[in-house]
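Here is the naming used below: chain letters follow the sequence lines, and residue numbers restart at 1 for every chain.
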Amino acid sequence: MKPNAIPAQYFQQEDTLTIAKQLLGATLSTNFNGQLTSIRIVETEAYLGVTDRASHAWNGRHTNRTSIMYLEGGIAYVYLIYGMHHLFNIVTGAFGTPHAILIRAGEPLEGLDQMLIRRNKKRVDYSITKGPGSLAQAMGIKTSHTGIPLNQNAIWITAGKSIPAAEIIATPRIGVDYAGEDADLPYRFIVANSPYISGSATQNCG
DNA sequence: CAGCTGATGGGCT
DNA sequence: GCCCATCAGCTGG
């Protein structure tokens, strides 16, 4: 147990959209093989389970991969996309409610040298932890970590200075055009003016 | 700068 | 056999 980590119960409350907003400004940390890295979360997306066409659990889809989403909130859901990118999500909601929050971008805080090695880069620039695939790679998160609790010694989250509502922008989610009308839902939350936000300028205007 | 596209593999129909 | 909750590297203005 990490004493300062946000407890699992926090992620089990009903309103995933509120959690997604409140996570902006929080610190996500990993420690694998003694290599500590951490970031300040600046971009999240909420996926609201069975009623959300963009969600892997839409319409009650319950497969080997998505079964993790149906467990109690407070654990990791990590999956592989496009054959090469590992995307890190936080499972939220009660047991049986397959909600999740995708962590899309952050500002690097600790372990910059290790992030450079994992990202195969020579210098730190904004792309080091911008975008969900890049963020997971910088922090060493892989699909093998799916299901692990988020208040222990491998991956954990601590509360940060909360972001004023005026500085939070809600936009449609990225890359979910297949979701029909649900693609337009404003379930992506970003910290205004952070240079680490993913997506184009138009995608970032509330 | 915007816009396109190849890479690459598990999950699902 | 097709579809991705993506990224880096290239092209052409």
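Counting distance only, with no hydrogens placed and no angle test, the side-chain atoms of A/Tyr79 and the base atoms of C/dA5 include a donor-acceptor pair under 3.5 Å. Taking only distance into account, the side chain of A/His56 meets the base of C/dA5 through a donor-acceptor pair shorter than 3.5 Å.
Backbone-only contact: A/Lys130 has heavy atoms under 4.0 Å from sugar-phosphate atoms and none from a base. Counting any heavy atom pair closer than 4.0 Å across all strands shown, A/Ser198 reaches no nucleic acid atom. A/Gly133 comes within 4.0 angstrom of sugar-phosphate atoms only, judged by non-hydrogen atoms across all strands, and of no base. In this structure, A/Thr143 reaches neither bases nor backbone, as no heavy-atom distance under 4.0 Å exists between it and the strands shown. A/Arg65 comes within contact range of the sugar-phosphate backbone alone, with a heavy-atom separation under 4.0 Å but no base atom that close.
Around the CD atom of A/Gln13, the shell of radius 6.0 Å holds more than 12 heavy atoms that belong to other residues, nucleotides or ligands. Atom CG of A/Asp125 has more than 12 neighbouring heavy atoms from other residues, nucleotides or ligands inside a 6.0 Å radius. Within a 6.0 Å radius of NZ in A/Lys121, other residues, nucleotides and ligands contribute more than 12 heavy atoms. For A/Tyr178, the OH atom sits in a packed shell: over 12 heavy atoms of surrounding residues, nucleotides or ligands are nearer than 6.0 Å.
Distances from the side chain of A/Leu80 to the nucleotides C/dC7, C/dA5, B/dG9 place B/dG9 closest. Distances were taken from every side-chain heavy atom of A/Ser134 (C-beta onward) to each of C/dC4, B/dC12, C/dC7; the shortest belongs to C/dC7. Candidate nucleotides B/dT8, C/dA5, C/dC7 were compared by shortest atom distance to the side chain of A/Met84, and B/dT8 ranks first.
For the pair A/Ile141 CD1 and C/dT6 C1', the computed distance is 16 Å after rounding to whole Å. For the pair A/Arg61 CZ and B/dT13 P, the computed distance is 6 Å after rounding to whole Å. Nucleotide B/dG10 holds its P atom 15 Å from the NZ atom of A/Lys142, rounded to whole Å. When the P atom of C/dA5 is taken as reference, atom CG of A/Asp182 falls 14 Å away, rounded to whole Å. Atom OH of A/Tyr178 is separated from atom C1' of C/dT6 by 12 Å (rounded to the nearest Å). Atom-to-atom, CZ of A/Arg53 to P of C/dC4 comes out at 11 Å; the value is rounded to the nearest Å. Going from atom CG of A/Asp177 over to atom P of C/dT6 covers 10 Å, rounded to whole Å. Atom C1' of nucleotide B/dG9 and atom CG of A/Leu87 are separated by 14 Å, given to the nearest angstrom.
Residue A/Thr63 places no side-chain N or O under 4.0 Å from the OP1 or OP2 atom of B/dG11.
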Study note, to complete from the structure: A correct dot-bracket answer for DNA chain C, with pairs being Watson-Crick or G-U at under 3.5 Å, [ ] for crossing pairs and | for inter-strand pairs, is ||||.|||||||.
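A cation-pi arrangement is present between A/Arg173 and A/Tyr47, with the terminal nitrogen or guanidinium carbon under 6.0 Å from the aromatic centre and inside a 45° cone about the axis.
Side chains of A/Arg61 and A/Thr66: a donor-acceptor N/O pair is absent below 3.5 angstrom, by distance only. A side-chain donor from one of A/Arg119 and A/Gln137 sits under 3.5 Å from a side-chain acceptor of the other.
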Review point. When you look at A/Leu17 and A/Tyr187, which way does the side-chain contact (heavy atoms from CB on, under 4.5 Å) test go after all the steps?
Key: CA-CA 7 Å; A/Leu17 294 175; A/Tyr187 288 175; 3.4 Å; yes
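With a 4.5 Å cut-off on side-chain heavy atoms, A/Ile128 and A/Arg118 do not count as touching.
Stacking between A/Tyr82 and B/dG9 is absent: the aromatic ring centre is not both under 5.5 angstrom from the base six-membered ring centre and within 30 degrees in plane angle.
DNA chain C is contacted by A/Leu102, A/Arg104, A/Arg119 of residues 102-120 of chain A, taking any non-hydrogen atom closer than 4.0 Å.
Ring pair A/Phe32/A/His145 is parallel by interplanar angle, where below 30° counts as parallel and above 60° as perpendicular.
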